[in-house]
Every structure is written in C-alpha cells, then in structure tokens.
A.B. asks: 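Before anything else, here's the structure in question.
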Amino acid sequence: SLHDALPICCAVDVMRAWTDSPDDIDHVLNRLEDCGDGPAGNRNVLRGLVTLCGSMLLDLEELTRAPVAEILQDHARRRP
C-alpha cells in the first residue's frame with residue numbers, strides 16, 4: 001500500500017543523500033526533515049530505514065550464503 005511504501009521511499013532518499021555526500025550530515029538531515037516532522041515522521045523514517053536495512057541484509061545473505069546473524073556480528077566486529 002502507499003502507506004507502507006512511503007517510509008521505504010523516505011529511507012531510500014535519505015540513503016541516497018548519504019551516498020551523494022557521506023561527510024555532509026546536514027544534507028542527510030535535510031532529507032530526513034523532508035520525510036516528516038514530529039514523532040509520526042520520525043517513526044516513518046525509522047520504519048523505512050529498518051525495512052530497507054533488513055531487505056538489504058536478506059539480499060546479502062542470499063549472495064554470500066552467510067546467515068544474517070553472522071553478517072551482523074562480522075559487521076559489528078569490523079566497525080568501531
């Protein structure tokens with residue numbers, strides 16, 4: 001539904017902003033603000049980002065044949 005698609009679209013826009021300018025957090029925050037204000041907007045962005053990350057993790061699991069839990073643990077070990 002459109003209600004379910006909106007958070008994903010916002011999450012993709014936010015991540016595109018980050019990809020365009022990973023060192024320009026203000027650019028990313030501006031995209032976040034465009035997704036909505038207040039608790040409802042924040043919840044939609046968070047829902048979209050979690051859904052996007054989960055989908056990408058499942059894609060990575062399929063490509064690498066490594067379980068999602070292992071991918072997350074490996075990522076956590078490599079990041080400060």
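Since we're looking at a predicted model, the values are computed, not measured.
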A.B. asks: Identify every side-chain donor-acceptor pair in residues 56-66 under 3.5 Å, counting partners at least two apart or on other chains, and give the distances.
C.D. replies:
| from | atom 1 | to | atom 2 | distance (Å) |
| --- | --- | --- | --- | --- |
| Glu61 | OE2 | Val68 | N | 3.4 |
| Thr64 | OG1 | Leu60 | O | 2.8 |
| Thr64 | OG1 | Ala66 | N | 3.2 |
| Arg65 | NH1 | Glu62 | O | 3.1 |

A.B. asks: If I compare all heavy atoms of Leu52 with all of Ile8, which pair ends up nearest, and what's the gap?
C.D. replies: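 Heavy-atom minimum between the residues: N-CD1, 4.2 Å.
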A.B. asks: Using the side chain to side chain contact (heavy atoms under 4.5 Å, CB included) criterion, which residues pair with Asp74? Sequence neighbours excluded.
C.D. replies: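 For Asp74 the side chain to side chain contact (heavy atoms under 4.5 Å, CB included) partners, ignoring immediate neighbours, are Arg77, Arg78.
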A.B. asks: Could you tabulate the donor-acceptor pairs under 3.5 Å formed by side-chain atoms of residues 15-28, not counting sequence neighbours?
C.D. replies:
| from | atom 1 | to | atom 2 | distance (Å) |
| --- | --- | --- | --- | --- |
| Thr19 | OG1 | Met15 | O | 2.9 |
| Asp24 | OD1 | Asp26 | N | 3.4 |
| Asp24 | OD1 | His27 | N | 3.3 |

A.B. asks: Apply side-chain hydrogen bond (donor to acceptor under 3.5 Å, both in side chains) to Asn42 and list each qualifying residue two or more places apart in sequence or on a separate chain.
C.D. replies: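 With neighbours one apart ignored, the set is empty.
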A.B. asks: Look up atom CG in Leu49 and atom SG in Cys35, then write down how far apart they are to the nearest 0.5 Å.
C.D. replies: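 Rounded to the nearest 0.5 Å, the CG-SG separation comes out at 8.0 Å.
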A.B. asks: Between Leu29 and Leu46, is there shared hydrophobic-cluster membership here, with clusters defined by ILVMFWY side-chain heavy atoms closer than 4.5 Å?
C.D. replies: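 Different hydrophobic clusters.
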